[in-house]
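For reference, the structure discussed in these notes is given below.
Numbered from 1 within each chain, the chains take letters A, B, ... in sequence-line order.
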There are 2 protein chains.
Amino acid sequence: MKHTTIKDIARALGISKSTVSRALRDHYDINPETRKLVLDMAAKMNYSPSAQAIAFQHGQTKTIAVIVPEIDNPFFSNCINGVENAAAGTDYLIIINQTRNIERVEVETINRLISMRVDGVIMSLASGTVNLNHIKRLQNLEMPLVLFDRVTDRIDCHKIFNDDFEGAYKATQYLISKGYQNIAHLCGFKNLHISRERLAGYEKALMDAGLKVKPENIIETDFKIREAKIHAKKLLQQPIRPDAIFGVSDHVALGCILAARELNLKIPDDIAVIGFSDLTYAEILNPPLTTIQQPSFEMGKLSFEMIMEQIEQGTQKGTRSVCLKTKLIERGSA
Amino acid sequence: MKHTTIKDIARALGISKSTVSRALRDHYDINPETRKLVLDMAAKMNYSPSAQAIAFQHGQTKTIAVIVPEIDNPFFSNCINGVENAAAGTDYLIIINQTRNIERVEVETINRLISMRVDGVIMSLASGTVNLNHIKRLQNLEMPLVLFDRVTDRIDCHKIFNDDFEGAYKATQYLISKGYQNIAHLCGFKNLHISRERLAGYEKALMDAGLKVKPENIIETDFKIREAKIHAKKLLQQPIRPDAIFGVSDHVALGCILAARELNLKIPDDIAVIGFSDLTYAEILNPPLTTIQQPSFEMGKLSFEMIMEQIEQGTQKGTRSVCLKTKLIERGSA
DNA sequence: AAAATTCACGGGAACGTTCCCGGGAACGTT
DNA sequence: AACGTTCCCGGGAACGTTCCCGTGAATTTT
């Protein structure tokens with residue numbers, strides 16, 4: 001890999017590298033004729049400026065990192081699309097990283113990004129993350145940071161999340177209004193803020209309707225289809241079978257659908273299922289999934305705007321939290 | 001954003017930056033005691049080496065770029081997972097870029113990656129890409145390159161792809177064996193190699209079975225659900241309605257399912273649908289989608305191994321093509 | 001015609017790191 | 001005692017770019 005430098009161009013034209021630099025950047029103090037000469041030569045020599053050298057120079061990489069737990073999850077890829085959409089037109093590059101919900105990977109990724117001197121980090125926490133020192137390290141370095149969706153209250157920074165409590169409340173209330181009485185909840189790991197919020201919303205809705213919160217109807221699970229399926233089967237094989245399940249995410253709801261199918265239970269007659277996210281395929285599923293829609297694209301967009309705000313203003317005075325409203329999408333599974 | 005440098009550490013300890021550098025890299029010519037002093041101070045000062053400066057030094061960024069048309073497509077995200085899985089354990093960072101099938105974005109992305117001095121590029125072409133000069137530019141710079149899935153025969157480089165012809169042949173043959181006679185094909189844009197191959201496989205299977213290839217049964221479409229749905233409706237509203245549709249991808253097949261649903265046609269009784277990819281949700285769809293499985297994870301893994309081969313050997317002598325076999329997955333839609 | 005101003009360009013430092021080379025101190029060998 | 005070796009460490013160049021400053025030449029002003 002042989003890259004031409006401004007020095008090479010300068011030598012080829014018998015001028016100094018300063019002049020070449022000026023010509024390329026279209027600075028003042030440059031003769032239009034010289035400029036043309038330089039540009040032509042640059043094109044001829046297949047010149048491409050070294051981003052490292054430039055970043056090195058004025059301490060900006062013009063790069064923003066997005067860290068998500070998993071990329072093959074439509075919710076997150078929609079968020080990413082929102083970020084990229086907002087970034088298009090600016091001269092910032094978005095680089096995408098996934099932690100696969102593993103704390104160790106998250107730590108390594110952040111270390112790497114710090115080393116890269118990324119200009120900002122937009123991230124959603126891994127479900128496996130307990131220790132938050134790596135996030136605090138980011139803050140010590142005064143690196144612009146936006147947490148979205150999977151946030152935590154143990155870190156004080158800019159945040160964007162859904163009203164998970166309200167979404168869960170609406171979902172549960174909807175099930176109740178449809179006449180379901182024995183509603184179970186497959187909830188996410190409790191170290192995640194969203195899991196706790198959704199669980200709380202579920203419990204509140206039950207209590208407000210005068211229904212009892214039964215511990216045996218609440219099982220903790222990973223956000224994976226397979227995992228959820230296993231736990232859903234447990235729920236459905238209890239002596240007193242729940243008549244509805246509220247899944248903490250659409251993937252978890254999918255696990256319920258698969259479990260019900262395997263146990264020959266009809267949806268929504270034998271068992272109702274409701275999810276959370278509204279992934280792209282929810283509508284085409286068998287049955288179409290009733291779910292809580294999250295404005296994923298908007299979240300991504302807002303995250304980018306928030307990070308740009310921090311980068312441009314430099315200061316981090318006062319953190320801001322944005323809570324977006326969710327929407328119930330009625331389909332066939334409940 | 002204030003980053004400490006080895007110079008800062010050197011000053012704090014009253015030694016030279018050379019010694020600090022040696023201590024951090026655990027080089028020879030370093031006193032264990034000094035080393036410990038430096039490491040402790042580095043930790044205390046929250047030191048993180050500048051990746052730019054290092055890359056700048058010995059011309060390697062330890063970064064490999066993956067370019068895909070769209071990230072929110074399970075086929076590609078699986079490929080990415082394959083790449084990342086293979087990269088885990090090495091000291092290479094994978095950065096992910098999406099072109100959203102727009103040629104201009106692809107060109108800009110590649111320019112940016114060249115500027116970044118990425119060590120290698122693994123990419124799948126955008127469906128909108130016609131001109132290939134940006135790819136040739138990569139080759140002129142002798143940058144390691146692997147094309148996967150959406151390859152082209154107009155570029156001579158390392159390639160990994162599926163046996164699209166064979167996959168399409170199998171899909172069509174399967175439909176024929178099930179008794180379908182009037183099989184249509186929603187094919188992809190013809191500038192894509194995979195589109196042409198799959199079309200050819202479809203045609204060959206028809207001819208081998210003594211069936212006629214009818215031009216009115218072949219419609220070109222984008223790889224998007226919505227687009228495909230529109231074209232599928234056209235197909236299904238023809239005077240002589242096809243009894244089966246082979247979609248060039250699962251998303252296209254999904255479009256067919258939606259179109260059929262809207263026209264109140266039963267699948268697979270009124271119309272059979274078969275896809276290509278086997279996306280994660282194919283099994284849970286309504287109806288479960290019969291499709292051709294592509295080894296996406298393997299493709300990603302192989303791509304990474306191939307790029308590493310090029311990076312380590314340096315030379316690009318002789319390009320290699322790997323063609324992976326596909327597999328028919330029988331489900332309910334055909 | 002001398003002075004002031006403008007124009008176009010070159011030289012050199014700086015960014016953070018590594019690597020090569022040189023050198024001093026301590027040690028062991030003749 | 002003189003020499004060679006080993007062990008540590010420091011100085012400086014280099015990577016590619018930008019930016020500040022200096023400097024002639026050309027042009028305009030006094």
Side-chain angles (χ1 to χ4, degrees), chain A residues 1-39 41-42 45-63 91 111-112 114-119 141, chain B residues 1-39 41-42 45-63 91 111-112 114-119 141:
Chain A
M1 269 201 283
K2 188 68 197 131
H3 290 280
T4 45
T5 71
I6 53 169
K7 219 165 152 185
D8 297 327
I9 300 177
R11 199 163 345 149
L13 292 171
I15 57 178
S16 79
K17 61 184 170 53
S18 307
T19 308
V20 175
S21 174
R22 269 189 298 254
L24 291 171
R25 307 226 100 217
D26 199 13
H27 222 44
Y28 62 101
D29 266 12
I30 183 77
N31 189 322
E33 289 175 29
T34 318
R35 198 175 95 80
K36 183 161 183 351
L37 239 55
V38 171
L39 290 184
M41 181 58 81
M45 295 178 80
N46 207 357
Y47 171 78
S48 165
S50 158
Q52 291 146 42
I54 295 175
F56 201 21
Q57 249 296 318
H58 42 316
Q60 279 219 353
T61 51
K62 293 284 176 187
T63 300
D91 57 347
N111 283 340
R112 181 95 196 211
I114 292 175
S115 238
M116 284 182 73
R117 304 291 191 257
V118 154
D119 291 335
L141 294 168
Chain B
M1 265 201 286
K2 188 68 198 129
H3 290 280
T4 45
T5 70
I6 52 168
K7 220 165 151 183
D8 297 327
I9 300 177
R11 199 164 344 149
L13 292 171
I15 56 177
S16 79
K17 61 183 168 59
S18 306
T19 309
V20 176
S21 173
R22 269 188 299 254
L24 292 171
R25 308 227 99 217
D26 200 12
H27 222 45
Y28 62 101
D29 267 12
I30 184 75
N31 188 325
E33 288 174 29
T34 319
R35 196 175 97 81
K36 183 161 182 352
L37 239 54
V38 170
L39 289 184
M41 182 59 79
M45 296 179 78
N46 208 356
Y47 171 76
S48 165
S50 158
Q52 292 146 40
I54 295 176
F56 200 20
Q57 249 297 320
H58 42 314
Q60 278 218 353
T61 51
K62 294 284 178 186
T63 300
D91 57 347
N111 283 341
R112 181 97 196 209
I114 292 175
S115 239
M116 285 183 71
R117 306 289 191 256
V118 152
D119 291 335
L141 293 168

Can you check whether A/H3 reaches B/I114 side chain to side chain, under 4.5 Å on heavy atoms?
-> yes
Which part of the nucleic acid does B/I6 contact within heavy-atom distance under 4.0 Å: base, sugar-phosphate only, or nothing?
-> base
If pairing requires Watson-Crick or G-U wobble contacts with both distances under 3.5 Å, which nucleotide is the partner of D/dC19?
-> C/dG12
Is the closest side-chain donor-acceptor distance between A/T19 and A/S16 under 3.5 Å?
-> yes
Once you round it to whole Å, what is the distance between P of D/dC20 and OH of A/Y28?
-> 7 Å
Atom pair distance, as rounded to whole Å: NZ in A/K17 and P in D/dC21 | 16 Å
Is it true that B/D29 and B/R22 make a salt bridge, defined as a side-chain N closer than 4.0 Å to a carboxylate O?
-> no
Please report, rounded to the nearest Å, how far the P atom of C/dC9 is from the CG atom of A/L13.
-> 11 Å
How many Å lie between CD1 on B/I54 and P on C/dC15, as a whole number?
-> 17 Å
For B/N31, report the nucleic acid contact type (base, sugar-phosphate, nothing); a contact means any heavy atom under 4.0 Å.
-> sugar-phosphate
Given that B/Q57 and B/S16 both sit by DNA chain D, which one's nearest nucleotide is further toward the 5' end?
-> B/S16
Taking only the side-chain heavy atoms of B/T19 (C-beta and beyond), determine which of D/dG10, D/dG12, C/dG16 contains the nearest atom.
-> D/dG10
Does a side-chain heavy-atom distance below 4.5 Å link A/R117 with B/S48?
-> yes
Can you find an N or O donor on one side and an acceptor on the other, under 3.5 Å apart, linking the side chain of B/D29 with the base of D/dC7?
-> no
Let me see the working for A/K62 and A/D119 under salt bridge (charged side-chain N to carboxylate O under 4.0 Å, His left out), right down to the final yes or no.
-> CA-CA 6 Å; A/K62 293 284 176 187; A/D119 291 335; over 6 Å; no
Distance, rounded to the nearest Å, where B/H27 contributes NE2 and D/dG10 contributes C1' = 15 Å
How far apart are the closest heavy atoms of A/T61 and A/V118, and which atoms are they?
-> OG1-CA, 3.6 Å
Provide the Watson-Crick or G-U wobble partner of C/dT29, both distances under 3.5 Å; none if there is no partner.
-> D/dA2
Nearest to side-chain heavy atoms of B/S18, which nucleotide of C/dC19, C/dT17, D/dC19 = C/dC19
What integer distance in Å separates B/E33:CD from D/dC7:P?
-> 15 Å
Could a donor-acceptor pair under 3.5 angstrom be found where the side chain of A/R22 meets the base of C/dG10?
-> yes
Please evaluate the base of D/dG16 for a donor-acceptor partner in the side chain of A/S21 within a cut-off of under 3.5 Å?
-> no
How is B/T5 classified with respect to the nucleic acid when contacts are heavy atoms under 4.0 Å: base, sugar-phosphate, or nothing?
-> sugar-phosphate
Calculate the interatomic distance between B/F56 atom CZ and C/dC19 atom P; express it in whole Å.
-> 15 Å
Nearest-nucleotide pick for A/A53, side chain only, options being D/dC9, C/dT17, D/dT17 = D/dT17
Phosphate OP1/OP2 of C/dC9 contacted by A/T34 side-chain N/O (<4.0 Å) | yes
B/I15 has an atom CD1; how far is it from atom C1' of D/dC8, in whole Å?
-> 11 Å
